[in-house]
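Whatever order the structure lists ligands and atoms in, that order sets their numbers, starting from 1.
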Amino acid sequence: MGEIYQKFLKESAKKAFDLEHRYKINYNIGKYNEAVLKGKKQFRDIELARKRAAFLKHRIINNLEKYLIEFAANFEKNGGKIIWAQDTDEATHEILALLHKNNAKQVVKSKSMTTEEIELNEVLEQNNIEIVETDLGEYIVQIAGEKPYHIVTPAMHKSRDDIAQLFHEKFNTPRESSPEELTNYVREKLRKKFVNADIGITGGNFLIADIGAVCITENEGNGLMSTAFPKIHIAVVGIEKLIPSLKDMDLFWPLLASYGTGQYITVYNSIFSGPRKEGEIDGPEEMYLVLLENNRSEILKHEKQRNALTCIRCGACLNACPVYKNIGGHTYNNTYSGPIGSVISPHLKGMQDYKHLSFASSLCGSCTEVCPVKIPLHEMLLDNRNESVKLGYSKLGEKISISSMNTFLSKRKRMDMFSPKLKNIGMQLIF
Ligand code: SF4
């Protein structure tokens, strides 16, 4: 049994019996469920919206090269510079080189799962560069020394009391501070960071091919501030985040908002089409986009699993998943958790080490049901299982029990050779 698998088994068994954790997650997901019901009502025909979004994302994934070339040409025409990064090392190496070249010591960063994927914070800290998370949820997990718990709501596992206690320990704020007081406290702190930062780093929710722009959607204005003050803006985005045209945003913005947080539209939606132009008073002097491949082509190679690249990272499948709700986000020990994480991680990080995630599912299909871009997640988990067996990663005991079951259950006569009692004992032994 691999080390990562053993860790997963141990931590998931522990978390599943942690009633306090279960209460907090159920409470927060309960609030989310109520909001999403309202958010979805803005669509006259939600099924049509989902089908259209799936169609557009499929068109991208099936013509990725064409759209990447179109996007890159337009982005560069706007004055932006593209850094093509094959993997984590290349991405972090190039970002570090840029920071060193500009003698950067302070970086502000808005929420980005792609930077989590390349572990950018750790790399910058090792190089004595201060990196401050500016999204409130990310800021909370950063000061707690944790990884994001959820791809949309990173501090979902913490109650307001947990956060007040954390701030009390770290900054000596009053133990009974309200969420508003804590938010104001962070706001004050971050303002100074925004003003003094040398470089702002963001992710990107969408890359708009026809205008060569990076689109960021967020609720706090911190993404905007991270790019407005520093002289250089670096965006780090996966190659699959493309959408064909600016006009498609009228579908993707409300869809992401409804499924991600239950809003009609997220509060701040910014489109960055390169650095500040002559005569403009705002924006960075230089803009770089790190386009990350990091094994996405591995997923693209698979006719079925390539569907997973159409994901818009709304987090709905995590909130719907009974396994996620019981074992929690951190147990996956991975940037992308929940059903979508279980589908893509074995391909992004290696089937041998991460195949167990595809088996950690009840296959209830809730994830598929809630996905705004209609990714058949539970079927893809089965495809991953199939692939891992074909690659010879299943254990000997598993192989013996499955082939014995096959032998006995495929013929009624064989089953009837044993009494019901013996059959039950046999099944118990196998499972
Ligand atoms: S797989 Fe679907 S539901 Fe899950 S995060 Fe992606 S878009 Fe959202």
Checking E280 now: which residues fulfil side chain to side chain contact (heavy atoms under 4.5 Å, CB included) with it, not counting sequence neighbours? R276, K277
Total protein N/O/S atoms sitting under 2.8 Å from atom 2 (Fe) of ligand 1, waters ignored, is 1
Can you list every pair that meets salt bridge (Lys or Arg N to Asp or Glu O under 4.0 Å) and has a residue in residues 282-305, with sequence neighbours left out? E117-R296, E240-R296, E298-K301, K304-D383
Donor-acceptor check, side chain of S297 to backbone of L300, threshold 3.5 angstrom: yes or no? no
Single hit among I201, L190, T202 for side-chain contact (heavy atoms from CB on, under 4.5 Å) with T134: L190
From CA spacing to verdict: ring-ring contact (aromatic ring centres under 6.0 Å, His included), H233, F272: CA-CA 10 Å; H233 172 196; F272 298 95; 5.1 Å; yes
Which pairs pass side chain to side chain donor-acceptor pair (under 3.5 Å) with one or both residues in residues 147-156, sequence neighbours excluded? H21-Y149, E122-K147, H150-T153, H150-N319
Under 4.0 Å to a heavy atom of G315 - the qualifying atoms of ligand 1, by number: 5 (S), 8 (Fe)
